[in-house]
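Structure record follows, encoded as structure tokens.
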Amino acid sequence: MSWKDYNGLVIGMVRTGILGYGGGPSVIPLIRYEAVTRYKWVSDDEFGEILAIANALPGPIATKMAAYLGYKTKGVLGAIVSVLAHILPTSIAIIALLGSMYALRESKIVAGMVAAVRPVIFVMLGMMAYEFAKKAWKGLGTTFAALFGVLTFVLLQLLDIHPGIVIAVFLGYGVFHLDVVQRFKSKRDSDKGVS
């Protein structure tokens with residue numbers, strides 16, 4: 001095994017690390033693009049499951065996603081390489097640019113550039129949320145998708161329950177739901193076979 005085997009992993013994670021402006025949530029659409037669209041390391045459905053589990057665990061979400069994708073593609077060494085490729089370029093850039101940022105912190109031009117990036121991040125997150133909602137709508141049906149959307153809003157915004165707990169509850173329900181659906185399908189198939 002040579003380092004050339006890791007080229008795609010390193011390039012994809014360096015790109016997400018460098019272009020992911022604004023913290024963990026803004027990096028997720030970039031990681032999704034690299035993992036699902038460009039390199040096809042995982043399917044879109046699997047990415048959604050990974051994202052849910054990563055949200056439930058403590059720590060920065062982008063590094064958890066990088067570690068999982070590296071592990072899935074190249075094992076333990078792949079996870080290490082992936083995380084390093086994701087965090088090193090930004091860490092080096094932060095150290096190199098700290099002096100410049102300190103000198104320009106009062107600049108109206110820099111403040112305007114930062115303000116201009118925020119709507120882009122909002123649109124990227126909105127597009128990803130729309131795609132996940134569309135899949136939920138298709139997979140669960142109109143009634144359940146709307147019900148779960150309202151329930152999620154109530155739990156997160158009105159009751160202020162930690163997102164990890166909400167995700168764990170919905171994952172638990174997902175296991176129960178899949179079990180009920182499988183039993184229903186097998187019962188229906190056996191009834192058709194007996195008739």
Side-chain angles (χ1 to χ4, degrees), residues 9 12-76 78-87 90-91 117-141 144-179 181:
L9 191 61
M13 290 301 108
V14 164
R15 205 175 337 212
T16 60
I18 289 175
L19 299 176
Y21 179 84
S26 66
V27 177
I28 300 306
L30 298 173
I31 292 176
R32 180 176 171 264
Y33 176 77
E34 297 292 335
V36 175
T37 307
R38 183 183 298 257
Y39 292 106
K40 297 182 181 15
W41 293 322
V42 293
S43 68
D44 208 20
D45 291 337
E46 187 178 358
F47 185 84
E49 293 167 6
I50 298 164
L51 180 61
I53 292 169
N55 270 318
L57 298 173
I61 190 164
T63 52
K64 290 181 283 188
M65 299 291 288
Y68 177 84
L69 293 169
Y71 183 78
K72 172 144 173 110
T73 57
K74 299 292 180 187
V76 175
I80 294 167
V81 167
S82 182
V83 169
L84 288 176
H86 182 74
I87 64 172
T90 345
S91 301
V117 170
R118 287 187 184 134
V120 174
I121 293 170
F122 177 76
V123 169
M124 288 171 59
L125 288 172
M127 287 174 52
M128 189 177 76
Y130 171 75
E131 289 176 14
F132 281 134
K134 193 165 68 171
K135 286 185 180 198
W137 205 271
K138 182 180 175 185
L140 292 171
F144 276 117
L147 179 68
F148 287 148
V150 170
L151 181 61
T152 303
F153 177 79
V154 168
L155 292 174
L156 292 174
Q157 297 299 319
L158 301 180
L159 299 178
D160 199 27
I161 295 175
H162 190 276
I165 295 170
V166 175
I167 290 168
V169 167
F170 280 117
L171 285 174
Y173 173 76
V175 170
F176 169 76
H177 182 83
L178 285 175
D179 184 48
V181 167

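Keep in mind that this is a model prediction, so the values were computed, not measured.
A pairwise comparison of heavy atoms in A66 and M13 identifies CB-SD, 3.6 Å as the closest pair. Here the closest non-hydrogen pair linking T90 and G17 is OG1-O, 3.3 Å. Shortest non-hydrogen contact noted between G70 and S82 is CA-CB, 3.7 Å. Closest non-hydrogen pair, A62 versus V27, comes out as CB-CG1, 4.0 Å. When all heavy atoms of A67 and A79 are compared, the pair lying nearest together is O-CB, 3.4 Å.
With rounding to the nearest 0.5 Å, the separation of CZ in F47 from CG in L51 is 5.5 Å. Interatomic distance, I50 CD1 to I28 CD1, rounded to the nearest 0.5 Å: 10.5 Å. The CD1 atom of I167 lies 11.5 Å from the CG atom of L155; values are rounded to the nearest 0.5 Å. Atoms CE and CG, from M128 and L30 in turn, are 10.0 Å apart once rounded to the nearest 0.5 Å. In this structure, the separation between CG on L171 and CG on N55 is 10.0 Å, given to the nearest 0.5 Å. Here the straight-line distance linking atom OH of Y39 with atom OH of Y33 works out to 9.5 Å at 0.5 Å rounding.
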**OP:** Go through H86 and T63 one step at a time and tell me if the side-chain hydrogen bond (donor to acceptor under 3.5 Å, both in side chains) criterion holds.
**Re:** CA-CA 7 Å; H86 182 74; T63 52; over 6 Å; no
Subject >> Worked verdict on K74 versus L9 for side-chain contact (heavy atoms from CB on, under 4.5 Å) >> reply: CA-CA 9 Å; K74 299 292 180 187; L9 191 61; 4.3 Å; yes
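K135 NZ: more than 12 foreign heavy atoms inside a 6.0 Å radius. The number of heavy-atom neighbours closer than 6.0 Å to OH of Y173, taken from other residues, nucleotides and ligands shown, is above 12. For R38, the CZ atom is densely surrounded, since the number of other residues' heavy atoms within 6.0 Å is greater than 12.
The shortest distance between side-chain heavy atoms of W41 and V36 does not fall below 4.5 Å. In this structure the side chain of V154 reaches within 4.5 angstrom of the side chain of L159, judged on heavy atoms. For the pair Y68 and K72, the minimum side-chain heavy-atom distance is below 4.5 Å. For the pair V166/L156, a side-chain contact is recorded, criterion being any heavy-atom separation below 4.5 Å from C-beta on.
At a threshold of 4.0 Å, the pair K40-E34 does not count as salt-bridged, since none of the basic side-chain nitrogens sits closer than that to a carboxylate oxygen.
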